[in-house]
Amino acid sequence: MKKVLTLAAAMVITFGSLMAQNTFKGIVKYKVESTGEVSMSIPEEAATAEVKVSGDDMYTKSAIFAGGLTECVLVQNLKQTACMDYSQFLSYLRSQDFEFTYEGSGKLMIKNEYKASDFDSVDIPDTEPGHFYYEYVAGETKQIAGMTAKKIVRHRYDDEGVDHPMVMWYSDEIGPKINVLFGGIKGMPLECTMDQGEGRAITYTATEIVKGKVKEADFLLPDGYDTLSEEELNTLGEELNEAIELLQGE
């Protein structure tokens, strides 16, 4: 069982090809809301999100899917490429007299390549701390944005053995057979509530599914990003962690 995947862990794994599961081309649009007992402020620019889909390919610039420092993510079957901007963070650390082997701007293109067997156990119960598995709930569906959505529960256990379930509703008629952007689920999420702790929660819900209106140019990655080798990325990660630990110790 794999631990929860992160974009920053740029581990390159041998690629195993898959036949496309779906031929859907279009855009899945979402609204993003605060739904916990404690209200959260959702910035206007983050209150909507979208994922462009073309068969097994997906592209998003939305913060809720890409992450804080990630400007865009491209998924091509089991390949995932993230354009991440560490420029301000690196600039600050350099102003504090930290030196790095990497001398670029900090705009990085991070590539991850998986194989199908990495996700073979993702729906097998696993209660080890830091691990997760998906429970596909049979017979429970609801209509979301004109699609029939099926229920998944992601189970994740903490160090005390407490489960932190996350409910997701998805369509297996859209997206790749193994969706690496969303932890390997079998399709595209249409609704999900994420616990933010201390009574706070965020829910994203599909509001519109637009068929068509995507073209090859919509899946092109921007220019101006450095592509580092696995060794260079690991070195940079180690140096960043060392700098952060030194700052925290002051």
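Owing to the predicted nature of the structure, the values given are computational and were not obtained by experimental measurement.
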Locate the shortest heavy-atom distance separating [X] from [Y]; write the atom from each residue and the value.
X	Y	answer
Glu50	Tyr30	CA-CD1, 4.2 Å
Asp56	Pro176	OD1-CA, 3.2 Å
Val38	Glu198	CG2-O, 3.5 Å
Val122	Gly184	CG1-O, 4.3 Å
Phe24	Gly26	CE2-N, 3.5 Å
Val180	Asn77	CG2-O, 4.2 Å

Give a yes or no on whether [X] and [Y] share a hydrophobic cluster (residues Ile, Leu, Val, Met, Phe, Trp, Tyr; joining criterion: side-chain heavy atoms under 4.5 Å apart).
X	Y	answer
Ile27	Val73	no
Leu69	Met109	no
Met147	Ile152	yes
Phe100	Tyr225	no
Val32	Val51	yes

Answer whether the closest heavy-atom distance between the side chains of [X] and [Y] falls below 4.5 Å.
X	Y	answer
Leu108	Tyr86	yes
Tyr59	Leu220	no
Leu240	Phe89	yes
Leu247	Leu93	yes
Lys79	Thr81	no
Asp158	His164	yes

Strictly below 4.0 Å, N to O, side chains only: are Lys31 and Glu33 in salt-bridge contact? yes
Salt bridge between Lys115 and Asp118, side-chain N to carboxylate O under 4.0 Å? no
In chain order, what residues pass the side chain to side chain contact (heavy atoms under 4.5 Å, CB included) check against [X], with sequence neighbours excluded?
X	value
Ala47	Ile42
Asp120	Ser117
Thr148	Thr141, Gln143

Would you kindly say whether Asn179 and Tyr170 are connected by a side-chain donor-acceptor distance under 3.5 Å? no
Tell me whether Lys61 at atom NZ has more than 12 heavy atoms from other residues, nucleotides or ligands lying less than 6.0 Å away. no
Please determine which of Lys151, Lys150, Lys177 meets the salt bridge (charged side-chain N to carboxylate O under 4.0 Å, His left out) test together with Asp172. Lys150
Return yes if some donor-acceptor pair links the side-chain N/O of [X] with the main-chain N/O of [Y] below 3.5 Å, else return no.
X	Y	answer
Asn22	Gly175	yes
Ser95	Tyr92	yes
Tyr136	Lys186	yes
Ser62	Ile64	no
Ser121	Ile124	no
Thr235	Glu231	yes

How far does [atom1] of [X] sit from [atom2] of [Y], to the nearest 0.5 angstrom?
X	Y	atom1	atom2	value
Arg156	Asp195	CZ	CG	9.0 Å
Met168	Ile185	CE	CD1	5.0 Å
Asp57	Asp218	CG	CG	11.5 Å
Met84	Cys72	CE	SG	10.5 Å
Met58	Ile174	CE	CD1	11.5 Å
Phe219	Gln76	CZ	CD	9.5 Å

Name all residues meeting the ring pair (Phe, Tyr, Trp, His ring centres under 6.0 Å) criterion together with Tyr134; count only those two or more places apart in sequence or in a different chain, and write none if there are none. Phe132
His155: what forms a ring pair (Phe, Tyr, Trp, His ring centres under 6.0 Å) with it, not counting sequence neighbours? Tyr133
Decide side-chain contact (heavy atoms from CB on, under 4.5 Å) for Leu233 and Tyr102; before the verdict, give the C-alpha distance in whole Å, the side-chain angles of both, and the deciding distance to 0.1 Å. CA-CA 9 Å; Leu233 280 169; Tyr102 166 70; over 6 Å; no
Without placing hydrogens or testing angles, list every side-chain donor-acceptor pair under 3.5 Å for residues 200-211, not counting sequence neighbours.
from, atom 1, to, atom 2, distance (Å)
Arg200, NE, Gly197, O, 3.2
Arg200, NH2, Gln196, O, 3.3
Thr203, OG1, Thr35, OG1, 2.7
Thr203, OG1, Thr193, OG1, 2.7
Thr205, OG1, Glu191, OE1, 3.2
Thr207, OG1, Lys29, O, 3.4

Go through Val214 and Val53 one step at a time and tell me if the side-chain contact (heavy atoms from CB on, under 4.5 Å) criterion holds. CA-CA 8 Å; Val214 293; Val53 183; over 6 Å; no
